[in-house]
Amino acid sequence: MTPPADEPTFDGTHWSNADSDRIEVVDPDPDWPRRYREEATAISDALAIQGMRLEHFGSTSVPGLAAKPVIDILLLPPPGYDWQRLVAPLEALGYQFWRDNPATDRMFFVKGMPPRGRGRTHHVHVMTQANAVRHLLFRDHLRNHPEDAAEYARVKRDLAERFPTDRDAYTDGKDEVVGAILGRATAAMHEAGGIQGGDEGGPVRG
């Protein structure tokens with residue numbers, strides 16, 4: 001089936017919109033929390049799901065941290081909810097759903113992605129509460145450990161300069177520093193009483 005004209009295509013090596021969908025890490029913006037709150041309200045109103053949880057995560061959720069200027073939103077449906085019911089309301093809000101996502105235990109939506117938009121503004125990541133644990137642990141650790149946040153920012157800026165049109169290389173390049181920070185965060189959590197739940201949960205965002 002031929003994808004719509006405003007849907008990027010993948011040739012096995014490159015995405016068709018790579019040159020216009022570039023990676024840029026910018027200085028922290030104090031307006032990011034407001035942008036999250038506004039979008040979270042719109043999503044909550046559109047979905048009207050009792051027991052749904054929304055979280056601001058990724059680098060824009062960490063005060064003072066350089067980031068891609070894209071608001072990452074974690075959407076955690078209540079147990080037993082049919083995730084396919086999320087697609088139409090989120091598309092009505094301007095999101096594109098990644099239907100070919102190889103990770104079948106989560107869903108991913110993008111707003112503003114070229115060529116439909118002028119640049120990514122928001123991501124919505126749908127996953128289970130258990131799989132969200134590592135993402136929220138990483139966020140909370142960076143909020144409380146500025147030395148790790150500074151190291152993470154340094155690595156991200158370097159990767160964005162090296163791979164401005166290769167999102168896979170950018171994400172893969174963060175694996176080492178993310179693993180090290182998550183290791184410290186997990187050890188601290190265990191010492192404080194332990195943490196439960198979660199598999200790998202996909203790449204950490206931001």
Q: Hey, would you say the Phe109 and Phe97 ring centroids sit under 6.0 Å apart?
A: yes
Q: Could you list all the ring pair (Phe, Tyr, Trp, His ring centres under 6.0 Å) pairs where at least one residue sits in residues 23-48, not counting sequence neighbours?
A: Tyr36-His56
Q: Among all residues two or more places apart in sequence or in another chain, which pass the salt bridge (Lys or Arg N to Asp or Glu O under 4.0 Å) test with Arg85?
A: none
Q: Kindly indicate whether the side chain of Lys68, heavy atoms from C-beta on, has any atom under 4.5 Å from the side chain of Tyr170.
A: yes
Q: Give every residue pair that meets the salt bridge (Lys or Arg N to Asp or Glu O under 4.0 Å) criterion with at least one member in residues 176-188, sequence neighbours excluded.
A: Asp148-Arg184
Q: Less than 4.0 Å between a side-chain N and a carboxylate O, is that true for Asp172 and Arg167?
A: no
Q: Using a 3.5 Å cut-off and no angle test, enumerate the donor-acceptor pairs between side-chain atoms of residues 88-95 and protein atoms at least two apart in sequence or in another chain.
A:
| residue | atom | partner | partner atom | Å |
| --- | --- | --- | --- | --- |
| Glu91 | OE2 | Arg99 | NH1 | 3.1 |
| Glu91 | OE2 | Arg99 | NH2 | 2.9 |
| Tyr95 | OH | Glu39 | OE2 | 2.7 |

Q: Please find the pair of heavy atoms, one from Ala66 and one from Val25, that lie closest to each other, and give the distance.
A: CB-CG1, 3.9 Å
Q: Any heavy-atom pair between the side chains of Val70 and Thr121 that's under 4.5 Å?
A: no
Q: Within a strict 4.5 Å, meaning less than it, do heavy atoms of the Trp83 and Thr128 side chains meet?
A: yes
Q: Quick one: do Val178 and Tyr152 satisfy side chain to side chain contact (heavy atoms under 4.5 Å, CB included)? Show the steps, please.
A: CA-CA 8 Å; Val178 167; Tyr152 187 45; 3.8 Å; yes
Q: Can you name the salt bridge (Lys or Arg N to Asp or Glu O under 4.0 Å) partners of Asp29, sequence neighbours left out?
A: none
Q: Closer than 3.5 angstrom, by distance alone: can the side chain of Ser61 be matched with the main-chain N or O of Gly58 as a donor-acceptor pair?
A: yes
Q: To the nearest 0.5 Å, how far apart are CE in Met113 and NE2 in His122?
A: 15.0 Å
Q: Less than 4.5 Å apart, any side-chain heavy atom of Phe108 and any of Val126?
A: no
Q: Pairs in or reaching into residues 44-55: which pass side chain to side chain donor-acceptor pair (under 3.5 Å), with residues at least two apart or in two chains?
A: Arg53-Glu55, Arg53-Gln129, Glu55-Arg139
Q: Could you give me the CA-CA distance, side-chain angles and deciding distance for Leu75 and His125, then say whether side chain to side chain contact (heavy atoms under 4.5 Å, CB included) is met?
A: CA-CA 6 Å; Leu75 192 161; His125 309 257; over 6 Å; no
Q: Would you call Asp158 and Arg162 a salt bridge, using N to O less than 4.0 angstrom?
A: yes
Q: Could you go through Lys111 and Arg120, starting from their C-alpha distance and side-chain angles, then the distance that decides it, and tell me whether this counts as side chain to side chain contact (heavy atoms under 4.5 Å, CB included)?
A: CA-CA 6 Å; Lys111 178 180 275 191; Arg120 299 182 187 222; over 6 Å; no
Q: If only atom types and distance count, is the side chain of Arg22 paired as donor or acceptor with the main-chain N or O of Gly119 below 3.5 Å?
A: no
Q: Does the pair Arg157 and Asp27 meet the rule for a salt bridge (charged side-chain N to carboxylate O under 4.0 Å, His left out), with working shown?
A: CA-CA 10 Å; Arg157 287 189 187 276; Asp27 290 338; 2.6 Å; yes
Q: Tell me every residue that passes salt bridge (Lys or Arg N to Asp or Glu O under 4.0 Å) with Arg34, counting only those two or more places apart in sequence or in another chain.
A: Asp31, Glu38
Q: For residues 121-130, which residue pairs pass the salt bridge (Lys or Arg N to Asp or Glu O under 4.0 Å) check, not counting sequence neighbours?
A: none
Q: Would you please name every residue forming a side chain to side chain donor-acceptor pair (under 3.5 Å) with Asp82, sequence neighbours left out?
A: none
Q: Mind checking what makes side chain to side chain donor-acceptor pair (under 3.5 Å) contact with Asn101, not counting sequence neighbours?
A: none
Q: Of all residues at least two apart in sequence or in a different chain, which pass the salt bridge (Lys or Arg N to Asp or Glu O under 4.0 Å) check with Asp140?
A: Arg143
Q: Return the set of residues passing side chain to side chain contact (heavy atoms under 4.5 Å, CB included) with Ala188 (not counting sequence neighbours), or none when no residue passes.
A: none
Q: Ignoring hydrogens and angles, state whether a donor on the side chain of Lys156 or Ser59 is under 3.5 Å from an acceptor on the partner side chain.
A: yes
Q: Taking C-beta and beyond as the side chain, do Met107 and Met127 meet within less than 4.5 Å on heavy atoms?
A: no
Q: What is the minimum heavy-atom distance between Val155 and Gly173, and which atoms define it?
A: CG1-O, 4.3 Å
Q: Do His145 side-chain atoms and His141 backbone N/O form a donor-acceptor pair below 3.5 Å?
A: yes
Q: Mind checking whether Thr165 and Ile23 have side chains closer than 4.5 Å, heavy atoms only?
A: no
Q: Could you tell me whether the side chain of Leu74 reaches within less than 4.5 Å of the side chain of Leu136, counting heavy atoms only?
A: yes
Q: Does any part of the side chain of Ile73, heavy atoms only, come nearer than 4.5 Å to the side chain of Leu54, both counted from C-beta?
A: yes
